[in-house]
Amino acid sequence: MRYDLVIFDNDGVLVDSEPLSNRHLAAYLTEVGHPTTYEDSIRDYMGSAMHRVHDLIEERTGQRLPADFDDVFHARVFAAFERELQPVPGVADVLEKLTADGMPYCVASSGSHERIRVGHRAAGLDRFFDDARIFSSQDVGRGKPAPDLFLYAAERMGTASERCVVVDDSPLGVQAAVAAGMDVYGFTAMTPAEKLDAATRLFGDMRELLPLLAAGDRPGN
């Protein structure tokens, strides 16, 4: 492995949560008076923290979402996770190999700590991530596309930013990784490649990731 730390996004990279989450988000926004399609939700909110939903709705309509919006939304999504959530195909094998090789890795997600843990338990990935490997936008002042979350994760994992590689599937995540001075591999299983064109590399199947990581160019090499 040519990097010293692999930083995974969570939704859409570790757990196949984006379809579930965005379906429920679009439905709930529509329910509270802001008509939103699934495609709208993917375009506007995929990869972002909840504050972006509030900010965009207020910016576009001048109205605020209900005070309990986040609590109601998360309750619905977590229930759906328990019923339906699956790991991204092939990601368990990637994590098994990284663990066996002693390669440091962590997750840095726009979602809350609770969302990350609920998703990991439902998808059977909690065995790979103890508390020391989980970082959330809750831990920093600004979520993606700001670099703060990735920089915070690298610092807590004791790794220089230039020695890190981020695996993310959203344009906001790619922007954040680039701003952090990190290589980023854009996962195109759900996102059109052209929307991730600022990434260091692109791949569409998780089985491709380990060979890419092994061949990746560490800065200075």
Side-chain angles (χ1 to χ4, degrees), residues 7-88 106-123 125-126 129-131 133-153 156 166 168-177 190-191:
I7 303 176
F8 290 96
D9 175 43
N10 189 54
D11 296 290
V13 171
L14 296 177
V15 293
D16 193 18
S17 52
E18 293 291 7
L20 286 173
S21 181
N22 283 282
R23 189 170 72 237
H24 282 277
L25 180 57
Y28 189 30
L29 285 170
T30 300
E31 180 182 321
V32 298
H34 302 285
T36 304
T37 66
Y38 171 77
E39 291 75 18
D40 293 336
S41 185
I42 290 288
R43 181 194 66 223
D44 293 341
Y45 306 122
M46 180 175 164
S48 64
M50 285 302 295
H51 68 77
R52 179 177 170 86
V53 181
H54 290 263
D55 292 346
L56 283 182
I57 291 295
E58 186 169 5
E59 177 184 314
R60 290 170 175 175
T61 69
Q63 300 174 2
R64 292 191 173 187
L65 291 171
D68 63 349
F69 183 89
D70 289 10
D71 291 339
V72 173
F73 170 66
H74 285 132
R76 295 180 182 185
V77 168
F78 292 170
F81 282 2
E82 297 289 356
R83 295 190 305 268
E84 304 175 58
L85 190 63
Q86 297 293 320
V88 167
C106 65
V107 57
S109 172
S110 293
S112 67
H113 280 278
E114 183 182 14
R115 178 190 173 102
I116 297 166
R117 289 185 174 88
V118 169
H120 286 186
R121 286 196 301 270
L125 298 180
D126 50 322
F129 293 94
D130 57 21
D131 288 348
R133 295 180 189 262
I134 297 176
F135 305 101
S136 160
S137 61
Q138 289 179 313
D139 301 324
V140 295
R142 300 181 298 168
K144 305 171 189 176
D148 304 35
L149 176 57
F150 290 143
L151 293 172
Y152 177 77
R156 290 294 300 271
V166 172
D168 209 302
D169 70 332
S170 74
L172 294 177
V174 169
Q175 291 176 49
M190 266 195 66
T191 309

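Computed from a predicted structure; not experimentally measured.
Closest of all the heavy-atom pairs between L149 and S110 is CD2-N, 4.3 Å. Closest non-hydrogen pair, E82 versus V118, comes out as OE2-CG1, 4.0 Å. Across every non-hydrogen atom of T36 and S41, the tightest pair is CG2-N, 4.0 Å. In this structure, K144 and A108 approach most closely via the heavy-atom pair NZ-O, 3.4 Å. G12 and S17 get closest at one heavy-atom pair: N-OG, 3.9 Å. Nearest heavy-atom pair, D168 versus G173, reported as atom, atom and distance to 0.1 Å: OD2-CA, 3.4 Å.
Evaluation of the ring-ring contact (aromatic ring centres under 6.0 Å, His included) rule for H74 yields F78 as partners, not counting sequence neighbours. In this view, H51 satisfies the ring-ring contact (aromatic ring centres under 6.0 Å, His included) rule with no residue, not counting sequence neighbours. When the side chain to side chain donor-acceptor pair (under 3.5 Å) test is applied to D131, the partners found at least two apart in sequence or on another chain are R117. Scored by the side chain to side chain donor-acceptor pair (under 3.5 Å) test, H120 finds N10 as partners (sequence neighbours excluded).
Listed by first and then second residue, the salt bridge (Lys or Arg N to Asp or Glu O under 4.0 Å) pairs that reach into residues 23-35 are R23-E84, E31-R76, sequence neighbours excluded. Screening residues 46-59 for salt bridge (Lys or Arg N to Asp or Glu O under 4.0 Å), with sequence neighbours left out, gives E58-R64.
For the atom pair CE of M46 and CG of L172, the computed distance is 9.5 Å after rounding to the nearest 0.5 Å. If you take CG on D126 and CD1 on I116, they are separated by 13.0 Å, rounding to the nearest 0.5 Å. Within the model, atoms OH of Y28 and CG of D70 stand 9.0 Å from one another, a figure rounded to the nearest 0.5 Å. Annotation: the span from E114 atom CD to Q138 atom CD amounts to 8.5 Å, rounded to 0.5 Å. Note that CG of D9 is 6.5 Å distant from CZ of F150, once rounded to the nearest 0.5 Å.
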Next item on the list: Apply side-chain contact (heavy atoms from CB on, under 4.5 Å) to F129 and L14, showing your working.
Entry: CA-CA 11 Å; F129 293 94; L14 296 177; 3.6 Å; yes
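In this structure, L65 and L29 have side chains that are in contact, with non-hydrogen atoms separated by less than 4.5 Å. Counting heavy atoms from C-beta outward, D44 and R60 have side chains that approach closer than 4.5 Å. Contact annotation: the side chain of R43 approaches that of D40 to within less than 4.5 Å [non-hydrogen atoms, C-beta and beyond]. In this structure the side chain of L56 reaches within 4.5 angstrom of the side chain of Y45, judged on heavy atoms. For the pair F73 and V53, the minimum side-chain heavy-atom distance is 4.5 Å or more. When side chains are defined from C-beta on, H34 counts as touching Q63, because their heavy atoms get closer than 4.5 Å. With contacts defined as side-chain heavy-atom distances shorter than 4.5 Å, the pair M50/S137 does not qualify. Between D11 and S109 there is a side-chain heavy-atom pair separated by less than 4.5 Å.
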